[in-house]
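Every value quoted in this text rests on a predicted model; they were computed, and no experiment measured them.
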Amino acid sequence: MAYRNGNYAAFYVIEPFSTSSLGANATKDFCYYNTLRMWKGADPSFPFVDSHEKTYSVRDGSDWESTLKPRLRERLRNSKNLVLFLSSGTVNSRAVKEEVDYAINDQGLPVIVIYPEYSTKESLLLNGALRDEVKGLWGKIPVLKDSINKVPTLHVPLNKAVIKDALSDPGFMVGSKNKPDIYRYKA
């Protein structure tokens, strides 16, 4: 059995990958993921354990079926949760679809959804419930929308303190997860 201590970050990057000097950095969702890595680099106590660093890297031109897909599945099997960046720029790419589907429907991983275009807990909410605009983003990844009630999902803004709490919350780790439902921190 895999030792599940990582956080698997799922984010959209342009396919085929950009050949510009910026590479994946040309996609905003990838930049948001790098924000987590930056916070961890600046503060070793920040509770982000990057599952992408647990196996050897692959090249952007690697074959999907023989290299990329097996590698992402291996990383997900070693993860305690899925951290999904969901923004207005997110696209239902082959990789994001596979990551979300395998994480939820095969591995039963809890999902922490980070909304980069929101910066506070209050901004996600209207009258104490998630805004319709936030829920509308779920449709950008149909497998998420269709599977969201199978695992606990926690919805948070791109805010270091809130994300730190989310990553430390045992209710959103595979070994001690809450019952399947849609969760958010009260404002």
Side-chain angles (χ1 to χ4, degrees), residues 6-39 48 50-53 55 57-77 79 81-119 123-124 130-159 162-163 166-167 172 182 184:
N7 308 105
Y8 187 97
F11 44 86
Y12 167 67
V13 292
I14 296 169
E15 293 179 13
F17 298 105
S18 173
T19 57
S20 75
S21 59
L22 291 175
N25 288 297
T27 307
K28 284 186 177 184
D29 286 2
F30 184 76
C31 295
Y32 302 136
Y33 156 67
N34 276 333
T35 299
L36 290 186
R37 295 173 61 199
M38 177 191 67
W39 289 340
F48 179 63
D50 191 356
S51 290
H52 292 289
E53 293 180 355
T55 60
S57 296
V58 293
R59 301 203 186 284
D60 291 346
S62 296
D63 181 71
W64 172 256
E65 288 297 327
S66 66
T67 305
L68 295 173
K69 185 174 168 181
R71 187 64 34 78
L72 71 85
R73 286 182 169 199
E74 177 184 358
R75 291 172 180 170
L76 282 161
R77 285 190 299 272
S79 300
N81 53 33
L82 174 72
V83 177
L84 174 65
F85 290 91
L86 189 54
S87 71
S88 61
T90 301
V91 173
N92 190 36
S93 67
R94 174 171 48 179
V96 170
K97 184 179 357 178
E98 175 67 26
E99 291 164 327
V100 172
D101 184 40
Y102 190 73
I104 295 174
N105 295 311
D106 188 86
Q107 296 296 299
L109 295 180
V111 181
I112 299 169
V113 185
I114 299 174
Y115 298 92
E117 294 154 334
Y118 296 85
S119 61
S123 65
L124 290 175
L130 288 173
R131 293 180 170 279
D132 287 340
E133 296 85 5
V134 170
K135 292 178 184 178
L137 292 171
W138 303 346
K140 292 185 146 288
I141 305 173
V143 70
L144 173 68
K145 186 175 180 180
D146 295 343
S147 305
I148 203 161
N149 292 313
K150 293 182 178 182
V151 296
T153 58
L154 177 60
H155 302 266
V156 299
L158 184 61
N159 175 294
V162 177
I163 292 171
L167 292 172
F172 299 95
I182 296 168
R184 82 283 186 269

- Message: Test your reading of the model: is there a side-chain donor-acceptor pair from S147 to the backbone of K150, 3.5 Å cut-off?
- Response: no

- Message: Taking the side chain as everything from C-beta on, heavy atoms only, tell me whether R131 gets closer than 4.5 Å to Y118.
- Response: yes

- Item | Atom pair CD1/CG of I112 and L167 - distance to nearest 0.5 Å | 5.0 Å

- Query: Are the side chains of F48 and I163 in touch, meaning some heavy atoms are under 4.5 Å apart?
  - Reply: no

- To the nearest 0.5 Å, atom CG of L36 lies from atom CZ of F85 at 4.0 Å

- Are any of the side-chain heavy atoms of I104 and V111 separated by less than 4.5 Å? yes

- Item | Which atom of T90 lies closest to which atom of S87, heavy atoms considered | OG1-N, 2.8 Å

- Measure across A103 and L82 and return the closest heavy-atom pair with its distance rounded to 0.1 Å. CB-CD2, 3.9 Å

- Query: How would you list all residue pairs meeting ring pair (Phe, Tyr, Trp, His ring centres under 6.0 Å) that involve residues 134-156, not counting sequence neighbours?
  - Reply: Y115-H155, W138-H155

- Query: Does the side chain of V113 come within less than 4.5 Å of V134's, by heavy atoms?
  - Reply: no

- Query: Any donor-acceptor pair under 3.5 Å linking the side chain of T153 with the backbone of N149?
  - Reply: no

- Query: Ion pair present between E74 and R77, side-chain N to carboxylate O less than 4.0 angstrom?
  - Reply: no

- Is it true that a side-chain atom of N159 and a backbone atom of S119 form a donor plus acceptor pair closer than 3.5 Å? yes

- Message: Would you compute the distance between atom CZ of R37 and atom CG of N34 and round it to the nearest 0.5 angstrom?
- Response: 5.0 Å

- Message: Treating E98 as the side-chain partner and K69 as the backbone partner, does any N or O pair qualify as donor plus acceptor under 3.5 Å?
- Response: no

- Mind checking what makes ring-ring contact (aromatic ring centres under 6.0 Å, His included) contact with Y8, not counting sequence neighbours? H52

- Message: To the nearest 0.5 Å, what is the distance between CD1 on I114 and CG on L154?
- Response: 9.5 Å

- Query: Looking only at heavy atoms, what is the nearest atom pair of P157 and V162, with distance?
  - Reply: CD-CG1, 3.8 Å

- Message: Give me the atom names and distance for the closest heavy-atom approach of N92 to K140.
- Response: CB-O, 3.2 Å

- Got D106 and L76 here, is their nearest side-chain heavy-atom distance under 4.5 Å? no

- Note on the structure: Interatomic distance, CG@L84 vs OH@Y33, rounded to 0.5 Å, equals 14.0 Å

- Query: Which heavy atom in S79 sits nearest to a heavy atom in S51, and how many Å separate them?
  - Reply: OG-OG, 2.6 Å

- Message: Quick one, L109 and V151 - any side-chain contact, counting heavy atoms below 4.5 Å?
- Response: no

- Item | Inter-residue atom distance E99.CD - F11.CZ, 0.5 Å rounding | 7.0 Å

